[in-house]
Amino acid sequence: MVKYGLDYTRCRWILPLLLGIGVIFGIIALAGRGWLESQTLPYVNQASLWESCTRPDQGGQWTCDSLMNYAWGRAAAATYLVGFILLVICFALAIIAFAIPTLRFNFIRGIGGLLFVAAMFSIMGLVIYPVKFSSEMRLRGTNMFSWAYGFGWTTAIMEICLGFFFCCLPNYEDQILGNVKPTYFYSSP
């Protein structure tokens, strides 16, 4: 990508594409019911970011309790949701930044800074949830934090990595725009 610069049409959209994948992973984490699940028989616990469901036995009916009744549940949902909204804003700004024919590198660095803020909020929600859920909810059997919770962490890790990339990209402004003279290594005989 650096060899051809961001004017190369196929490379120009890699960063917004990765941010879009992060947004999709964030949607899966927000909507998924697999934040916490029973690991062994009987499978009686299942939770999302929004509610916790239990059933008395393997074939029983699920009864759900909203986590929004707890202050920590509202805090976990709010911080993760703020991080997700900031990620969506970064995605929109990245599309705008890379759609403009002339790249504005200070604008790109700002997107990177906003991604770090989004990652901070996402990680706060991802830490509050298991700590408080494990200590305040009655759980039976062996339980695990599952696939939707993993998508939440994947989103946070993508925010951190893309934040570094967006912040470091302006350091290579001359190489990307083609303003650097090539260096030739020649030795005379």
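Hydrogens, waters and symmetry mates play no part in the numbers below; they use all other heavy atoms, side chains included.
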Taking [Y]'s backbone N and O only, do any of them form a donor-acceptor pair with [X]'s side chain (distance below 3.5 Å, no angle check)?
X      : Y      : value
Glu51  : Ser66  : no
Arg74  : Met68  : yes
Ser134 : Val131 : no
Thr63  : Thr54  : yes

Tell me whether [Y] is reachable from [X] by hopping between hydrophobic residues (I, L, V, M, F, W, Y) whose side-chain heavy atoms are closer than 4.5 Å.
X      : Y      : answer
Leu114 : Ile157 : no
Leu67  : Met144 : no
Leu18  : Trp13  : yes
Phe107 : Phe91  : yes

Is any side-chain heavy atom of [X] closer than 4.5 Å to a side-chain heavy atom of [Y]?
X      : Y      : value
Leu81  : Leu49  : no
Leu126 : Thr79  : no
Glu37  : Asn45  : no
Phe166 : Cys161 : no
Tyr80  : Ile128 : no
Arg33  : Ser146 : no
Leu162 : Ile111 : no

Which value, rounded to the nearest 0.5 Å, describes the distance between Glu159 atom CD and Thr154 atom OG1? 11.0 Å
Between Glu136 and Trp72, does any side-chain donor sit less than 3.5 Å from a side-chain acceptor? yes
Shortest non-hydrogen separation from [X] to [Y] and the atoms involved:
X      : Y      : answer
Cys167 : Gly113 : SG-N, 3.8 Å
Thr155 : Gly26  : OG1-N, 3.2 Å
Ile28  : Ala148 : O-CB, 4.4 Å
Cys90  : Leu19  : O-CD1, 3.8 Å

Could you walk me through whether Trp153 and Ser122 pass the side chain to side chain contact (heavy atoms under 4.5 Å, CB included) test, one step at a time? CA-CA 8 Å; Trp153 274 108; Ser122 297; over 6 Å; no
So that I know where these two stand, are Trp35 and Tyr129 an aromatic pair - ring centroids less than 6.0 Å apart? yes
Please find out if less than 6.0 Å separates the ring center of Phe164 from that of Phe116. yes
Only one of Phe151, Tyr149, Phe84, Trp147 passes ring pair (Phe, Tyr, Trp, His ring centres under 6.0 Å) with Phe25, and that residue is Phe151
Checking Met158 against Ile21 for the side chain to side chain contact (heavy atoms under 4.5 Å, CB included) test, could you report, in this order, the C-alpha distance in whole Å, the side-chain angles of both residues, the deciding distance, and whether it holds? CA-CA 9 Å; Met158 287 182 76; Ile21 291 169; 4.0 Å; yes
So Leu15 and Ile108, side chain to side chain contact (heavy atoms under 4.5 Å, CB included) or not? Walk me through it. CA-CA 11 Å; Leu15 292 175; Ile108 292 173; 5.7 Å; no
Side chain to side chain donor-acceptor pair (under 3.5 Å) filter on Ser48, not counting sequence neighbours, yields none
Flag if over 12 foreign heavy atoms under 6.0 Å of CZ, Phe121: no
